[in-house]
Every structure is written in structure tokens, then in C-alpha cells.
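Written below as C-alpha cells is the structure these notes are about.
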Amino acid sequence: MDGNFNNNQNDVNNQYTYQMPTMEVQQPVPTVSYITGFVGALLGAIVGSLPWLIVLQMGWMVGWLAFLIGFFSLLGYKLLRGAKKTWFANVAVFTTSIIVIIAMNFVYLIIEMNKIDGLSITMDSIKLVVELINVDGEFTRDIIMSLVIGIIGLIGINKQVSQYTNPVQQVNNDETKNMEL
């Protein structure tokens, strides 16, 4: 009798035992966007231009700092999760960097104009100052020099753009290099 009771008790326990279904928790996939990528590239380029502008305010001409603009532009693109399309990332980072490099030359010009007593900053006064400065080609030379250095910086980050937009391909390339050794 004891044996039957234990068997019946086990049957009752098994009948009322409930196991929770197991579920795998999936991590949310971060969304990527063309718009946020472009905005991130623009904001990054602006942040990257600040060291250049600060050093210019100290009276030093250091166009080589323009290479930072491309680096920070890519950083902003990545931080705001820009689209993982190589062509778009290159276009966004290149375009925003060039726009900011040219704009910062004009921002510097406006800051210098603001130091002149009695000069109001209007489009006419900006044109006049550009014409006066550009008599010997200094303003144009500064823009061209900063663009060249900025483009060199952009060429230097091309591999980083590819690593961001094609992370799997980069891992596969690293594995094949290790296999060849």
C-alpha cells in the first residue's frame, strides 16, 4: 500500500508541476538613419572645427588642424548611428567637413571684423572685407590650404568609415590575414 501511495503522490506532483517556458531575450537592434547620420556628421564637424578656431583666435595660423574636422565628423556620424552604407557615410562626412571648413574661414573673418570699431557686420561689409583681404589672395589661399589639409584628413579616415559600415567584412579580412601568417 505504501508503494501505491508514493506512486500516486508522484503522479499528482507531476500532474500539477508547471514549467515556465524558456524565452531568449533578444537585444534591441539599434536603429540607424540617414538623417541622424548626416546631422551627427555636421555636429561632429562643427565640434572638430573648434580647436582650429580657438588657435586662430590666439593669433596662430594653423591650417593643419583642419584635419580634425573629418575625424570628428565621422565620430558624430557614428555616435548618432548613421546609416551603415559606405557611400552615404563617405558623402555625409566629406560634404559636412568641406562645408564646415569653408564656413569656419568666414566665421573667423566675421570675428576679426567684429574687433574693428564702428564696423557693422552686414553682407556688404563682409564682401568688402573679403575683397580687401583677397587683394593679395590671402583669404583664398587660406581656404584652399585648409581644404587641402581637410581632404588629407578625410582620406586618412576612409578605412574607419569602412570599418563602421562593414564590420563583418573587416573581421573576415583580419581572419584571412591571420591565416596567411
Side-chain angles (χ1 to χ4, degrees), residues 19-58 60-112 121 123 126 130 139-181:
Q19 290 185 344
M20 293 290 291
T22 58
M23 295 187 334
E24 292 183 26
V25 178
Q26 294 181 349
Q27 296 292 338
V29 177
T31 57
V32 292
S33 168
Y34 291 102
I35 295 171
T36 60
F38 192 84
V39 169
L42 181 60
L43 292 174
I46 291 170
V47 168
S49 68
L50 294 179
W52 181 31
L53 198 58
I54 290 169
V55 171
L56 278 172
Q57 284 301 302
M58 296 162 90
W60 301 322
M61 183 58 190
V62 285
W64 60 269
L65 282 175
F67 80 91
L68 288 174
I69 294 172
F71 173 77
F72 278 96
S73 179
L74 176 60
L75 183 63
Y77 186 87
K78 292 190 310 190
L79 286 175
L80 291 186
R81 295 187 183 112
K84 297 220 177 202
K85 302 284 185 189
T86 304
W87 69 269
F88 184 77
N90 280 324
V91 168
V93 169
F94 183 83
T95 304
T96 57
S97 296
I98 297 302
I99 289 170
V100 168
I101 288 170
I102 293 170
M104 282 303 132
N105 279 286
F106 283 98
V107 167
Y108 176 68
L109 179 67
I110 291 169
I111 290 170
E112 289 301 310
I121 300 175
M123 285 306 291
I126 291 172
V130 168
F139 187 68
T140 304
R141 186 185 71 236
D142 289 345
I143 290 177
I144 291 172
M145 183 180 78
S146 57
L147 282 172
V148 167
I149 293 169
I151 290 171
I152 290 170
L154 287 167
I155 291 169
I157 64 166
N158 192 32
K159 185 176 181 181
Q160 292 176 357
V161 171
S162 294
Q163 286 174 345
Y164 172 73
T165 58
N166 302 314
V168 174
Q169 181 181 358
Q170 182 62 31
V171 169
N172 290 339
N173 287 342
D174 290 343
E175 287 174 1
T176 49
K177 285 179 186 177
N178 291 336
M179 293 173 105
E180 291 173 358
L181 295 176

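For the pair Tyr164 (side chain) and Gly82 (backbone), a donor-acceptor distance under 3.5 Å is present. Tyr77 contributes a side-chain N or O that, together with a main-chain N or O of Ala83, makes up a donor-acceptor pair within less than 3.5 Å. Judged purely by atom type and a 3.5 angstrom limit, Asn105 uses its side chain to pair as donor or acceptor with the backbone of Ile101. Between the side chain of Thr96 and the backbone N or O of Val93 there is at least one donor-acceptor pair closer than 3.5 Å. For the pair Ser73 (side chain) and Ile69 (backbone), a donor-acceptor distance under 3.5 Å is absent.
For the atom pair CZ (Phe88) and CZ (Phe38), the distance works out to 7.0 Å, reported to the nearest 0.5 Å. We find the CG-CG distance between Leu79 and Leu75 to be 4.5 Å, quoted to the nearest 0.5 Å. Distance check, rounded to the nearest 0.5 Å: CG of Asn166 to NZ of Lys85 gives 9.5 Å. Taking CG from Leu154 and CD1 from Ile149, the interatomic distance works out to 12.5 Å, rounded to the nearest 0.5 Å. Note that the CD atom of Gln163 and the NZ atom of Lys78 stand 7.5 Å from one another [nearest 0.5 Å]. Rounding to the nearest 0.5 angstrom, the gap separating the CZ atom in Phe94 from the CD1 atom in Ile99 is 10.5 Å.
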**Item:** Residues Ser146, Trp52; criterion side-chain contact (heavy atoms from CB on, under 4.5 Å); working and verdict
**Value:** CA-CA 10 Å; Ser146 57; Trp52 181 31; 3.6 Å; yes

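Side-chain contact between Thr165 and Asn90: absent, with no pair of heavy atoms (C-beta onward) separated by less than 4.5 Å. Residues Gln160 and Ile157 have side chains in contact (heavy-atom distance under 4.5 Å, counting atoms from C-beta outward).
Taking each heavy atom of Thr36 and Arg81 in turn, the nearest pair found is OG1-O, 3.7 Å. Gly70 and Ser97 make their closest contact through CA-OG, 3.5 Å (heavy atoms, listed as atom of the first residue, atom of the second, distance). Residues Leu80 and Gly40 approach most closely at CD1-CA, 3.3 Å, considering heavy atoms.
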